[in-house]
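Residue indices begin at 1 and follow the sequence shown.
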Amino acid sequence: MEQLVSRAGLWFVIVIVAVMAAAMAHDGGFAVHMMIVALAALIGLWVSVSGADYAAIAKGILRTPDEGKYDDDPIRWGVLATVFWGIAGFLAGVFIALQLAFPLLNLEPYLNFGRLRPLHTSAVIFAFGGNALIATSFYVVQRTCRARLAFPGLARFVFWGYQLFIVLAATGYLLGITQSREYAEPEWYVDLWLTIVWLAYLAVFVGTIVKRKEPHIYVANWFYLSFILTIAMLHVVNNLALPVSLLGSKSYSAFAGVQDALTQWWYGHNAVGFFLTAGFLAMMYYFVPKQAERPIYSYRLSIIHFWSLIFLYIWAGPHHLHYTALPDWAQTLGMVFSVMLWMPSWGGMINGLMTLNGAWDKVRTDPIIRMFVLSLAFYGMSTFEGPLMSIKSVNSLSHYTDWTIGHVHSGALGWNGMITFASIYFLVPRLWKRERLYSLRMVNWHFWLATLGIVFYAASMWVAGITQGLMWREYGADGYLVNSFADTVAALHPMLLLRAFGGILYLLGAVLLVINVWRTILGHQREEAPMTTASYDEEADRPAVAVPAE
């Protein structure tokens, strides 16, 4: 009873403080955010005081933990949040792609491209990708350590606190609250909240490893741990800022000029390196062997892959600043380390693909395995293209063009998106104790829609980027540029339409994911000819772990 009173009292204090901050706010955006915090605290207060069993009401979608089993509640919530935010992010992406083709779709002031573009990037990276990483890391660390989540209350705080961060960031973009830093747009107070949530995430993950019953730490956990630790460091340093007022949203960065640019791209490139690469490689090292029912091809190679990747990636950021005021030696350093990244990246891709040795027939019969294979193929392609584009002579043509957009999206949609979809399809029957997915053939349709969407998107942007680069550098006999900027924009219009079409196909595939996941949770099974004889074996819910490297 005392615990209930103290918890309710804490929520009440937060409500009062947030309302007072909103009333005294120096700008409208900060006031809106404080009211969102007050609303979140009111919901927490209501849940604490009512004490209702909402898990029972939700008919098993939200379950209370059973001390005899793994703590899967936050994982189930994370899977649902991943699907929800994925649809939101893909919708925003399709809309801004159409805005580029049809500028009249820019709806001032809240729904213009400048405000929706960071909304899209944050939704797909941090909301869709971030929830997938948190959910899968909680699932994998428990199974590979044979231990329940440490600090279960803190694990729930991580999930709900992260959702609050997403809401504050997204509404801030629409309101024009931004510190104008790539992949780090939220202002100072939202950054502080995310730091608290992330440290709680680190505590839960490390605490679970410490209490493990399995003496060996499986390689996926090393990748998850590097992702959590490095993102914490990057986030804190990149977002060092001085707020103008404690009751206002505006702040000024601790860095300026070329130092600010270098700090930004040290963060920006390694957000890709550790959030979108290391974290998702952890998913690959667990879910690919599990779905293929084969041990990882080479445990030694996974160790080499891990240590070389984390040591090399952190130096590659300066390649985003070629031909700028950054010293030439720093630009060259970034280029050299980017080229060196070919080796560990392809080592990881080969390790994942070779895991299918003896099980390649599953690619024909199992669309989930097919998604994993395609994601690894795009990982290999993107990690070849990235170092190529970091070479100065190539970069002089590609930079500031849509080639970069094609590169980013072939990696994001192909590598991150496909491996996340496949992992969700793997998790849902197991988390909700269903015999199988609602429909494997729907997974197959999702695979082909997403694949075609990526092809249309990336190919159109590659053509658009090279077209831009060549038109921008074309000089006439008189020494003047031949093409105006408006000429290049007009030339790109067909490619922009194909880009939007590819995004629509990808979105349609995600809609099939929503239907499939929801029908599976409800316990439905579609009558269809089987594509595979594999079924879920509850007793085998442990990774296929090879003997550790000597």
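- Between L312 and P344, the shortest heavy-atom distance links the atoms CD1-CG, 3.9 Å.
- A side-chain contact (heavy atoms from CB on, under 4.5 Å) with Y297 is found for exactly one of L353, N351, V288, namely N351.
- Among F275, F84, F90, the single residue meeting the ring pair (Phe, Tyr, Trp, His ring centres under 6.0 Å) criterion with F128 is F90.
- Counting non-hydrogen atoms of neighbouring residues, nucleotides and ligands closer than 6.0 angstrom, the CZ atom of F306 exceeds 12 such neighbours.
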Worked verdict on S302 versus Y285 for side chain to side chain donor-acceptor pair (under 3.5 Å): CA-CA 8 Å; S302 73; Y285 273 115; 5.0 Å; no
Candidate pair R117 and E182, rule salt bridge (Lys or Arg N to Asp or Glu O under 4.0 Å), full reasoning: CA-CA 11 Å; R117 189 265 175 183; E182 187 73 7; 2.9 Å; yes
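- In summary, of the residues considered (I75, I521, L80), a side-chain contact (heavy atoms from CB on, under 4.5 Å) with L431 occurs for I75 alone.
- Considering every non-hydrogen atom in both V204 and T208, the closest pair reads O-OG1, 2.7 Å.
- Using modelled atom types, one finds a donor on one side chain and an acceptor on the other under 3.5 Å when comparing N221 with T144.
- Side chains of R499 and Y457: a donor on one and an acceptor on the other come within 3.5 Å.
- Counting non-hydrogen atoms of neighbouring residues, nucleotides and ligands closer than 6.0 angstrom, the CH2 atom of W222 reaches no more than 12 such neighbours.
- Without hydrogens or angle criteria, R212 side chain to A147 main chain gives no donor-acceptor distance under 3.5 Å.
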Verdict with supporting geometry, T451 and M418, side-chain contact (heavy atoms from CB on, under 4.5 Å): CA-CA 9 Å; T451 302; M418 294 300 261; 3.9 Å; yes
Verdict with supporting geometry, L119 and L116, side-chain contact (heavy atoms from CB on, under 4.5 Å): CA-CA 5 Å; L119 177 71; L116 286 178; 3.6 Å; yes
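- A cation-pi arrangement, defined by a distance under 6.0 Å to the six-membered ring centre and an angle within 45 degrees of its axis, is absent between R181 and Y183.
- Between R143 and D72, at least one side-chain N (NZ, or NE/NH1/NH2) sits under 4.0 Å from a carboxylate O, which counts as a salt bridge.
- Atom CE in M284 sits 10.0 Å away from atom CE in M349 (nearest 0.5 Å).
- Without hydrogens or angle criteria, T277 side chain to F274 main chain gives no donor-acceptor distance under 3.5 Å.
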Ring pair (Phe, Tyr, Trp, His ring centres under 6.0 Å) between Y201 and F138, worked out: CA-CA 10 Å; Y201 179 28; F138 284 168; 5.7 Å; yes
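- Remark: side-chain polar atoms of Q468 are paired, donor with acceptor, to backbone N or O of D402 under 3.5 angstrom.
- Panel note: side chain R115, backbone P118; no donor-acceptor pair is recorded below 3.5 Å.
- Atom CH2 of W360 is surrounded by more than 12 heavy atoms from other residues, nucleotides or ligands within 6.0 Å.
- No option in F372, F384, W415 other than W415 meets the ring pair (Phe, Tyr, Trp, His ring centres under 6.0 Å) test with Y379.
- When every heavy atom of N416 is checked against every heavy atom of L276, the shortest pair comes out as ND2-O, 2.7 Å.
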Residues Y506, H409; criterion ring pair (Phe, Tyr, Trp, His ring centres under 6.0 Å); working and verdict: CA-CA 11 Å; Y506 200 84; H409 282 79; 9.4 Å; no
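- A donor-acceptor pair shorter than 3.5 Å cannot be found between the side chains of W77 and Q163.
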From CA spacing to verdict: side-chain contact (heavy atoms from CB on, under 4.5 Å), L111, L174: CA-CA 7 Å; L111 298 179; L174 297 179; 4.2 Å; yes
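- Look at D71 and R76 and you find no salt bridge, because none of the NZ, NE, NH1 or NH2 atoms lies under 4.0 Å from a carboxylate O.
- A donor-acceptor contact closer than 3.5 angstrom links the side chains of E528 and S439.
- Interatomic distance, OH of Y438 versus NE2 of H524, reported as 8.5 Å (0.5 Å rounding).
- Between the OG1 atom in T355 and the CZ atom in R294 there is a gap of 9.0 Å [rounded to 0.5 Å].
- Cation-pi geometry between R370 and F447 is met: the NZ or CZ atom falls under 6.0 Å from the ring centre, inside 45° of the normal.
- Within a 6.0 Å sphere centred on CH2 of W315, heavy atoms belonging to other residues, nucleotides or ligands number 12 at most.
- Side chain of Q142 to backbone of L149: a donor-acceptor contact under 3.5 angstrom is found.
- The aromatic ring centroids of F223 and Y286 lie 6.0 Å or more from each other.
- In this structure, W445 places its CH2 atom where only 12 or fewer heavy-atom neighbours from other residues, nucleotides or ligands lie under 6.0 Å away.
- Although no hydrogens or angles enter the test, the distance criterion places a donor-acceptor pair under 3.5 Å between the side chain of N131 and the main chain of A127.
- Taking each heavy atom of M283 and S423 in turn, the nearest pair found is CE-OG, 3.5 Å.
- Residues A271 and L234 come closest through the heavy atom pair N-CD1, 4.0 Å.
- Two rings, from F337 and H319, have their centers 6.0 Å or more apart.
- Rounding to the nearest 0.5 angstrom, the gap separating the OG1 atom in T121 from the CD1 atom in I96 is 7.5 Å.
- In this pair, F456 and F501 present their aromatic rings perpendicular. The plane angle is above 60°, beyond the 30 to 60° band.
- To the nearest 0.5 Å, atoms CD1 (I87) and CG (L513) are separated by 7.0 Å.
- Aromatic ring centres of Y173 and H120: separated by at least 6.0 Å.
- If you take CG on L376 and CG on L356, they are separated by 8.0 Å, rounding to the nearest 0.5 Å.
- Minimum interatomic distance between I454 and G414 (heavy atoms only, all atoms of both residues): CD1-CA, 3.6 Å.
- Between F421 and H446, the angle of the ring planes lies from 30° to 60°, which puts this pair in the tilted group.
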